[in-house]
Amino acid sequence: MIADWLLTLNGLREGSYIIIAVAINLLSVWLMGWRYKIFLGYLKERISLLNSFWVICTAQFANYITPLRAGNVAIRPIASEMFAGVSSWKSLLATVFELVIDTSWQIVLVSLILLLVAENQLLDSLIPKVTIVGTFLLVIMLGLVYHRELINWILQQRKFFPGKIDRIMAKFELQQEKMEEISNQIVQYISNMRLFLLSSVPVVINILLQPLLLQYSGKAFSMSLTYFSSFTIFWISFIVGRLSGIPGGLGLGDISMGGLLIKAGVAPFLVLKVIILYRIVTMVFPHVLIGGPLFFILSKRMALRGIAKLE
């Protein structure tokens, strides 16, 4: 009888960890919506936090079914226009802001993490560490200074783009003038210290918050992992999955996470359970449950709009 009671208590505790993980993921998405609202406000567009939340969920669901985050770029402007009356062009600008800023801090973050945990003796010296960090900063600075030349080079490579990306560029008439406008807006954003600091708040909170998704997914199976280990494993696997271009980082991100968990001393049979639960928490709540239906509603509206234009 005591054993049954203890099993029930343990089950309740595991369930509470899952609920906490779901709540953390919902808060993370809400923070993304808050930042999107900040970007749109900078572009003189208004959107409520609720509508911003709907848009983020819809776009994230689209990311799960399209590579290279094309769903985010393609769907977010359309969803913003249909759900909140936001200009699709300004929504695209805000989305590009996010992509550029996110890619920059993620590359820097994973580089710093690797420097902290690297076991290679070469990195025990200060010189290679400074060289690596300095190289990343130099690349970012060169990108800002020579952004027009970079845009011209990107447009020259357009024939190699996936069909979906090319269609998105055609839809928004992303020729050199508009690409330069996007680039100039990004430079203005970075030089606007107040806006930069304000939009950095949800980013910093998310950087610190999201590793708890892995930690609490593990706690549900009595996996013991320090916050620093969770932070390191989460962000390395997340960014590897993101840079792979695979929808949702599925596969490569999971393999990276699994390998790092095993290296951290977690039993292989437990690793699989943790990763499956982590995926359920981060994908289903709220992206599939909320973003999925909204995506299909949006698709229906887009189809009806296309039919109306034909008539």
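Just so it is clear, the values below take in all heavy atoms, side chains as well, and ignore hydrogens, waters and symmetry mates. Nothing fancy with the numbering, it's 1 onward along the sequence.
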Which atom of [X] lies closest to which atom of [Y], heavy atoms considered:
X: Thr226; Y: Gln215; result: C-NE2, 3.7 Å
X: Leu40; Y: Ala94; result: CD2-CB, 3.9 Å
X: Pro77; Y: Ser91; result: CA-OG, 3.1 Å

Parallel, tilted or perpendicular for Phe234 and Phe238, by the 30°/60° rule?
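Phe234 vs Phe238 ring planes: parallel.
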Where does the angle between the aromatic ring planes of Phe39 and Phe97 fall among parallel (under 30°), tilted (30 to 60°) and perpendicular (over 60°)?
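Phe39 and Phe97: perpendicular rings.
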Between Ile56 and Phe53, is the side chain to side chain contact (heavy atoms under 4.5 Å, CB included) condition met? List the steps.
CA-CA 5 Å; Ile56 296 297; Phe53 179 82; 5.9 Å; no
Please examine the side chains of [Y] and [X], heavy atoms only from C-beta on, and report whether any two atoms are closer than 4.5 Å.
X: Arg301; Y: Phe83; answer: yes
X: Leu109; Y: Phe231; answer: yes
X: Ile290; Y: Phe61; answer: no
X: Arg76; Y: Thr58; answer: no
X: Arg35; Y: Asp102; answer: yes
X: Val29; Y: His287; answer: yes
X: Leu225; Y: Leu261; answer: yes
X: Met257; Y: Arg279; answer: no

Under the 3.5 angstrom rule, does the side chain of [X] hit a backbone N or O of [Y] as a donor-acceptor pair?
X: Trp34; Y: Val201; result: no
X: Tyr227; Y: Pro211; result: no
X: Asn72; Y: Asn63; result: no

Testing the 3.5 Å rule here: is there a donor-acceptor pair between the side chains of [X] and [Y]?
X: Ser87; Y: Glu45; value: no
X: Ser80; Y: Tyr36; value: yes
X: Thr282; Y: Asn25; value: no

Tell me whether [X] shares a hydrophobic cluster with [Y], the cluster being built from Ile, Leu, Val, Met, Phe, Trp, Tyr side chains joined at under 4.5 Å.
X: Trp235; Y: Leu99; result: yes
X: Leu289; Y: Ile24; result: yes
X: Leu214; Y: Phe269; result: yes
X: Ile255; Y: Leu272; result: no

To the nearest 0.5 Å, how far apart are [atom1] in [X] and [atom2] in [Y]?
X: Leu43; Y: Leu93; atom1: CG; atom2: CG; result: 5.5 Å
X: Tyr216; Y: Ile19; atom1: OH; atom2: CD1; result: 13.0 Å
X: Met223; Y: Lys273; atom1: CE; atom2: NZ; result: 13.0 Å
X: Leu298; Y: Glu81; atom1: CG; atom2: CD; result: 10.0 Å
X: Ile233; Y: Ser256; atom1: CD1; atom2: OG; result: 11.0 Å
X: Leu213; Y: Ile20; atom1: CG; atom2: CD1; result: 11.5 Å

Apply the test side chain to side chain contact (heavy atoms under 4.5 Å, CB included) to residues Leu209 and Leu31: give CA-CA distance (whole Å), side-chain angles for both, the deciding distance (0.1 Å), then the verdict.
CA-CA 10 Å; Leu209 183 70; Leu31 287 167; 4.1 Å; yes
